[in-house]
Amino acid sequence: MNLELRALTRRYARALEDFLGGGGEAALQEAYHIGREALARGLGVHDLATVQQGALLKAMLGVRTRREGTRAIRAAGKFFVEGLLPFEMSHRQSQEANAALRESEERYRGVVDTARDVIFTLSSDGKVMSLNPVFETITGWSRAEWIGKDFAPLVHADDRARAVELYRAALTDQASPRFEVGVELGILVKSGATIPGEVVATPLVRDGKIVGILGVARDITDRKRAEQALHHLNEALEEEVKRIAHALHDEAGQLLASVHIGLAEIARDLPPHVAQRLADVGGLLNKIEEQLRHLSHELRPTILDDLGLQPALEFLADGVSRRTGLHIVVEGSAGARLPAPTETALYRIVQEALTNVTKHAQATRVSITLTRSGRQLRCTIRDDGVGFDVRAVHARRGARGLGLIGIQERLHGVGGTLEIVATPGGGTRLIMAVPLEVDRAESNLAR
Amino acid sequence: MPIDCDADIVSARQKGRELASQCGFPTTDLAVIATAISELARNIVRYAVHGEVLVRLVEADGKRGIEVTASDDGPGIADITLALQDGYSTSGGLGLGLPGTRRLMDEFELLSDFGKGTKVTVRRWKR
């Protein structure tokens with residue numbers, strides 16, 4: 001018996017003696033206090049039993065008659081009940097806490113079991129520890145086929161390096177903005193096909209130590225399909241625009257030329273003062289022709305194909321400026337020629353952005369800045385207009401959010417990113433970054 | 001019974017035990033009632049300095065039982081939900097104090113107006 005227990009036993013025995021000597025309620029309360037103290041010191045029920053045993057033995061040593069013996073045993077029993085009550089309260093607390101914990105665990109289980117995303121855990125050596133039921137629905141694999149196995153073969157070979165990178169980052173708890181939004185990985189399913197998945201991962205912490213990762217993988221087949229459809233639609237639109245530009249420029253232009261010749265012939269047969277009025281009409285036709293040519297160039301500028309992004313943007317800015325009165329400058333330099341899809345995408349984006357500025361911004365000045373740094377081209381469009389609430393506009397995505405979805409899709413198509421800095425009343429900045437040499441891993445995203 | 005000091009707690013326990021014994025509660029239940037009185041009276045001495053404990057026999061739906069009411073004119077409890085959480089105040093996370101008393105008894109009511117004192121009523125029915 002240790003010192004602490006021995007001291008408690010002495011106190012308990014003394015109280016029991018008091019009780020036997022007529023100490024009454026005060027002595028019983030002392031038994032209760034001792035129990036309370038024992039609990040507070042981290043002692044257990046077994047320790048209290050030891051104390052009880054010791055005190056009873058001591059009481060029995062002073063017993064002379066059978067009657068006294070019975071009394072002592074009864075008193076010790078009462079004492080034990082008093083001393084145990086604090087433990088009883090504590091025990092009921094644990095029971096309540098356990099029930100609450102069980103309930104919370106059941107709720108968690110329910111969420112995991114019915115989730116439509118795959119929820120998985122991996123050990124610190126890359127083994128699959130757990131998978132929820134939807135894994136079987138999505139992949140066709142049974143969970144038993146993968147539990148305890150290395151996770152890597154589940155990922156398409158092209159994406160495996162990035163999957164490992166994501167796993168390591170989560171395992172070392174390195175929050176990287178690159179991984180925050182989720183990583184797109186091809187997941188191999190039982191049929192042999194690959195489905196696109198979006199995966200996020202966080203460290204799995206037990207007793208303050210990272211023991212693995214907890215991940216959520218979403219089947220984004222539908223989203224990919226929609227993105228692809230949008231991409232095709234954009235391509236089709238580009239073709240259509242080309243056709244209309246051609247019709248405007250070449251066909252309408254030729255017709256207009258014929259009208260000119262016709263008019264000139266008529267003018268010859270007319271008296272001079274009437275011919276002069278016809279010449280005025282001819283002047284108007286010239287203006288129409290000029291406008292048609294300009295519109296056609298804006299729609300599908302041959303200048304973009306012939307001279308590149310910067311001259312095309314200057315041409316576009318000039319046209320919009322003349323039509324709307326906006327003061328637009330094109331600054332910086334894109335450097336050498338860019339891949340055709342990138343040039344077209346950026347041209348269309350600037351076009352869309354300028355339309356937004358004209359329609360919504362109430363701006364007077366716009367600047368378009370191109371900067372090239374290494375393998376990246378940045379294009380910033382800044383206006384001094386009324387700005388807008390970025391979150392609110394993003395939230396109403398369905399309702400043609402200022403053409404931002406279109407801009408984002410076009411950027412996505414060439415591997416670029418978009419950042420919008422806007423505050424109500426404080427102007428707007430669209431900052432786009434496009435990689436100039438799209439690496440293989442990135443191009444896989446669009447697969 | 002007025003509760004002003006630790007000695008008053010002992011007499012309150014004794015009264016409670018006597019009354020419960022008259023009602024026919026088994027010995028172990030007497031200890032439970034004494035414990036409830038201890039925990040409630042302890043709060044009075046600790047937080048309110050002055051208060052009182054009322055013990056009486058009650059009857060409802062043909063059941064007989066004992067009711068303990070502890071009231072004080074102390075500062076009251078600002079946040080009752082918090083006071084009933086384990087680890088708050090005296091119980092030190094061991095499940096004693098008010099939450100512990102609630103778990104020992106069959107019924108538990110707590111009324112507290114911040115600044116106007118606290119009234120706790122607990123009941124235990126004979127089985």
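In what follows, chains carry the letters A, B, and so on, assigned in the order in which the sequence lines appear, proteins first and then strands, with residues in each chain numbered from 1. Only this structure's heavy atoms are used, side chains among them; waters, hydrogens and symmetry mates stay out.
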Open item on the list: Checking B:Val32 against A:Leu85 for the side-chain contact (heavy atoms from CB on, under 4.5 Å) test, could you report, in this order, the C-alpha distance in whole Å, the side-chain angles of both residues, the deciding distance, and whether it holds?
Closed with: CA-CA 7 Å; B:Val32 166; A:Leu85 270 164; 3.7 Å; yes
Task: Steps toward salt bridge (charged side-chain N to carboxylate O under 4.0 Å, His left out) verdict (B:Arg102, A:Glu96) - done: CA-CA 12 Å; B:Arg102 179 175 61 77; A:Glu96 253 181 39; 3.5 Å; yes
- [ ] Go through B:Ser38 and A:Gln29 one step at a time and tell me if the side-chain contact (heavy atoms from CB on, under 4.5 Å) criterion holds.
- [x] CA-CA 8 Å; B:Ser38 264; A:Gln29 191 183 328; 4.2 Å; yes
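Between B:Val10 and A:Ala26 the shortest heavy-atom distance is CG1-N, 3.4 Å. Nearest heavy atoms, B:Arg42 versus A:Arg36: NH2-NH1, 3.1 Å.
Between B:Arg13 and A:Glu82 there is a salt bridge, with a side-chain nitrogen of the basic residue lying less than 4.0 Å from a carboxylate oxygen of the acidic one.
Around the NZ atom of A:Lys127, the shell of radius 6.0 Å holds more than 12 heavy atoms that belong to other residues, nucleotides or ligands. Around atom CD of B:Glu107, more than 12 heavy atoms belonging to other residues, nucleotides or ligands sit under 6.0 Å away. With a 6.0 Å radius and a threshold of 12 heavy atoms from other residues, nucleotides or ligands, A:Arg11 has its CZ atom above the threshold. No more than 12 heavy atoms of other residues, nucleotides or ligands shown are found within 6.0 angstrom of CD on A:Glu17. When the shell of 6.0 Å around CE of A:Met129 is examined, it contains 12 or fewer heavy atoms from other residues, nucleotides or ligands.
Proximity to chain B involves both the backbone and the side chain of A:Leu28, based on heavy atoms less than 4.5 angstrom apart.
Side-chain contact between B:Thr35 and A:Met89 is present, with at least one heavy-atom pair separated by less than 4.5 Å.
B:Ile9 CD1 to A:Tyr32 OH: the interatomic distance, rounded to the nearest 0.5 Å, is 10.0 Å. A distance of 5.5 Å separates CD in A:Glu25 from CD in B:Gln14, rounded to the nearest 0.5 Å.
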